[in-house]
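Values below: all heavy atoms of this structure, side chains included; hydrogens, waters and symmetry mates excluded.
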Amino acid sequence: MSQGYAKMYGLDFCDENNFKSIYSSGILDLMDDAIIILDENFDITYWNLAAEKMYGWKAEEVKGKNIDMLFCKNFDTQKKKDFLDKMLKKGKFDVEITHKTRDGAVIIVNSRIITIKCMETIRGYVVLNNPTIINEFVDDVKKNYSIVKTIFENTPDSIYLKDINGHYIMINKAGADAFRKKPEEIIGLGDRQLFPEEEAAAIISCDKEIMESGKTRTFEETNHFQGISRTYLSTKGPYRDSEGNIKGLFGISKDITRIKETEKERTYKALMLSQVNDAVVMINNEKCITYWNKGAELIYNLKSDEVMGKPREDVYKWSTTESERSAYQKLEENGYWHGDNVHVRWDGKKIYAETTLSMVTNDNNEKIGILAVIRDVTERKYLEKKLQKSEERYRIMIEKAKSGVLLIGSKGNVKYINKKMTEMLGLTAREVFNRSIFDLIDDRTVRAFRNHFRLDKGNPFEVKFIRKDGSYMWALVSTKTLFKDNKEYMGSILIVNDITARRDVEKSLMDAMIEKDRNFKLIVGNMAEALKLLMKQEYSEDYDKEYT
């Protein structure tokens with residue numbers, strides 16, 4: 001093909017096959033000059049669009065007729081002989097000639113007549129008619145061919161031509177690159193030499209169907225080469241000669257592998273977004289909704305087709321303009337905003353929302369919209385308020401409790417102390433907070449305390465605390481251990497009751513009992529000898545009578 005064009009630049013049409021490939025490609029119809037192709041008997045075999053415009057006859061009306069129909073008077077035999085002699089010598093002949101059009105008008109044209117040879121035998125002629133300057137034809141051919149060649153060689157799409165048997169007779173660089181070959185290495189090969197057998201058979205069958213139907217088709221196809229799978233959007237159609245006979249198949253295939261992968265990725269992401277419970281909303285620069293997932297449908301009670309394209313404020317508004325203005329100002333500054341706010345739905349219902357706003361930009365870093373991810377936390381806020389009230393109520397109960405209460409962290413430091421406990425120790429809450437509980441306990445009872453406060457045995461135990469003034473306080477302590485969800489220890493609650501007074505009374509009673517015991521031992525000691533005699537006495541009936 002390229003050799004034919006190269007010869008055409010020099011107006012050398014000696015190779016009949018080369019020239020046929022040129023005019024059958026359709027490029028001659030792009031010329032502004034009237035181009036007529038004749039056989040060796042001067043009968044018309046080709047008539048381009050410019051000739052139709054110049055003379056008024058359609059190609060089908062003149063095909064097979066003699067060139068004499070254009071002349072105002074017929075050539076005689078001698079003139080034709082002279083003409084042939086000049087053509088044989090020079091291969092071309094320039095002449096200014098008078099022609100007539102379909103409507104009978106007479107025009108004067110500059111003609112260049114060029115021979116088409118095969119093995120030095122004249123097989124026909126090319127007649128170039130231009131009412132202005134005939135040499136402009138060469139520039140037109142070069143210009144148009146340059147355009148076609150530039151497109152053909154530089155397009156990223158594969159462009160190829162196959163003959164009737166499926167052999168490649170033309171392919172551009174992009175098409176050859178797909179096979180990791182040069183274009184000249186592809187010419188003459190068939191699909192069975194390029195693709196796996198099963199795939200090649202499918203391609204050949206499809207091409208045959210297209211050529212038999214005579215219609216152009218556009219479809220997606222997936223091809224494999226050396227283990228690599230590529231998806232193409234292909235347009236294929238029958239390739240015809242100048243007489244309309246199907247001579248093969250042309251194809252233009254665009255590699256859409258990346259597009260298909262992106263589509264699949266987007267579909268997967270869209271599926272993921274559609275399944276999340278959070279509302280995902282896309283808002284464009286005109287503040288209209290362009291995306292609305294199932295989570296949004298549930299939260300705002302509107303289907304996607306009911307909100308698409310509508311202004312966001314028609315669907316939901318922020319409860320206060322101040323909070324909205326502040327959030328969007330930070331969004332403009334940082335490209336991101338996260339916080340809690342209140343939305344008022346289209347039906348007037350209020351929703352407490354945990355919202356994340358993100359700026360969406362294109363490849364040129366231009367803002368194209370805002371992505372909002374909204375979580376409905378209305379129920380959580382309600383529970384938080386109830387919990388807060390409950391915590392306040394329990395705090396009041398603990399503060400007014402008659403027992404001391406301590407909350408000990410996982411490392412043994414005091415995290416909370418109630419009023420009663422501060423009174424017991426003579427310390428303020430500030431003086432106790434974050435101190436080690438072991439700083440407040442007498443060394444002699446620390447071991448007992450360590451053995452109980454993390455084990456949650458349920459039985460109260462006695463501990464000796466040290467007051468601020470250095471005095472001691474005996475206390476009966478009950479513990480409740482606290483664990484995280486993963487069973488990790490996080491601290492203990494101590495309920496402390498002052499038993500110092502009871503311990504003092506018990507000590508007094510114990511001292512009295514010890515004193516009585518000492519006196520009793522003295523009495524018994526004095527009676528020891530008498531008792532010994534008693535133990536030596538043998539059993540008798542008198543003993544039974546006297547002591548039983």
Is there side-chain contact between Ile164 and Met211, with heavy atoms separated by less than 4.5 Å?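 Yes; the side chains approach each other to less than 4.5 Å.
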
For residues 186-221, which residue pairs pass the ring pair (Phe, Tyr, Trp, His ring centres under 6.0 Å) check, not counting sequence neighbours?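 Sorted result for residues 186-221: Phe179-Phe195.
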
What pairs of residues pass the ring pair (Phe, Tyr, Trp, His ring centres under 6.0 Å) test when at least one of them lies in residues 401-424, not counting sequence neighbours?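 Qualifying pairs, neighbours excluded: none.
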
Is any side-chain N of the basic residue among [X] and [Y] closer than 4.0 Å to the acidic one's carboxylate O?
{"X": "Arg467", "Y": "Asp469", "value": "no"}
{"X": "Glu462", "Y": "Arg502", "value": "yes"}
{"X": "Lys287", "Y": "Glu313", "value": "no"}

Would you please name every residue forming a side chain to side chain donor-acceptor pair (under 3.5 Å) with Asp163, sequence neighbours left out?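 With neighbours one apart ignored, the set is empty.
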
Within residues 176-188 or reaching into it, pairs that qualify as salt bridge (charged side-chain N to carboxylate O under 4.0 Å, His left out) - sequence neighbours excluded: Lys173-Asp177

If a pair satisfies salt bridge (charged side-chain N to carboxylate O under 4.0 Å, His left out) and one of its residues is in residues 334-347, list it, with sequence neighbours excluded. Asp340-Lys381, Arg345-Asp347

Aromatic rings Tyr316 and His343: how do their planes relate, parallel, tilted or perpendicular, breaks at 30° and 60°? parallel

If you compare all heavy atoms of Met424 against all heavy atoms of Val496, which two are closest, and at what distance to 0.1 Å?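 Reported closest heavy-atom pair: CE-O, 3.5 Å.
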
Residue set satisfying side-chain contact (heavy atoms from CB on, under 4.5 Å) with Glu332, at least two apart, ordered chain then number -> Met359, Lys367

Glu199 side chain to His224 main-chain N or O, any donor-acceptor pair under 3.5 Å? yes

